[in-house]
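Data block below; observations after.
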Amino acid sequence: QVQLVESGGDLVQAGGSLRLSCAVSGSRLTIYSMGWYRQGPGKQRELVAGITRDSTYYDDSAKGRFTISRDSAWNTVYLRMNSLRPEDTAVYLCGGDIVTGSGGGNRYWGHGTQVTVSS
C-alpha cells in the first residue's frame, strides 16, 4: 500500500549536480521521517540525509554539498546534490518511518536510483 519511488539518478561528471526525488504514495499515511540512504558494492548502507517535520540531518560526507527537502504534504522528498565526487557513486534509496491508516508503522523503502559520478 505504501510506495516509495525514487528518480533522478544519472551519470554525471565530477563537480556536477543532480536532484533526486522520492515520490510517496498510500492512503492515510502519517510520515514521521524520511531519509536518503546510499549503498555501493561491498559497502554498508549509510544514511546520507534525513528530514522530519522540523529538522534535517546530514552525514559528514554530505554537509555543505547536499540539501534534503520536502513538500508540505510529504508527497515528495528531494535530495539536491552539488559538487559531486566519484566517491558519491552508489545506489541511492529513500526510506520512511511511516504509520498507515490501519495503525501499522514500519520502515518503508524504495528500490533505489543509480548515481554514477565520473572523474
Applying the 4.5 Å side-chain criterion to the ILVMFWY set and letting contacts propagate, would Val48 and Ile51 be lumped into a single cluster?
yes
Any side-chain heavy-atom pair from Thr89 and Val115 closer than 4.5 angstrom?
no
Closest heavy-atom contact between Ile68 and Met34?
CD1-O, 4.2 Å
Treating Ile, Leu, Val, Met, Phe, Trp and Tyr as nodes and any side-chain heavy-atom pair under 4.5 angstrom as an edge, say whether Val117 and Leu93 lie in one connected cluster.
no
When Ile31, Thr100, Val24 are each screened for side chain to side chain contact (heavy atoms under 4.5 Å, CB included) with Tyr108, the one that passes is Thr100
Is Tyr37 reachable from Val77 through a run of hydrophobic residues whose side-chain heavy atoms are each under 4.5 Å from the next?
no
Is it the case that the side chain of Asp10 and the backbone of Val12 share a donor-acceptor pair, with hydrogens and angles ignored and the cut-off at 3.5 Å?
no
Begin with the C-alpha distance, continue with both residues' side-chain angles, and end with the deciding distance and a verdict on side chain to side chain contact (heavy atoms under 4.5 Å, CB included) for Ile98 and Thr30.
CA-CA 6 Å; Ile98 300 171; Thr30 301; over 6 Å; no
Measure from the ring center of Trp36 to the ring center of Phe66 and say whether it is less than 6.0 Å.
no
Compute both the distance and the angle, then confirm whether Arg53 meets the cation-pi test with Trp74: under 6.0 Å from the six-membered ring centre, within 45 degrees of the axis.
no
Would you say the side-chain atoms of Arg70 pair up with the backbone N or O of Thr76, donor to acceptor, closer than 3.5 Å?
no
Minimum heavy-atom distance Ser33-Thr52, with the two atoms named
CB-CG2, 3.9 Å
Ignoring hydrogens and geometry, is there a side-chain-to-backbone donor-acceptor pair from Glu6 to His111 under 3.5 Å?
yes
State, with a plain yes or no, whether a side-chain heavy atom of Asp88 is found less than 4.5 Å away from one of Arg65.
yes
Min side-chain heavy-atom separation Gln1-Ser27 under 4.5 Å
yes
Residue pair Tyr57 / Leu47, side-chain heavy-atom distance below 4.5 Å:
yes
Over all atoms of both residues, closest heavy-atom pair of Gly95 and Trp109
CA-CE3, 3.9 Å
Crowding at CZ, Arg107 (>12 non-hydrogen neighbours, <6.0 Å)
yes
Polar side chain donor-acceptor pair, Tyr92 to Arg38, under 3.5 angstrom:
yes
Considering only NZ, NE, NH1 and NH2 on the basic side and carboxylate oxygens on the acidic side, decide whether Asp60 and Lys63 come within less than 4.0 Å.
yes
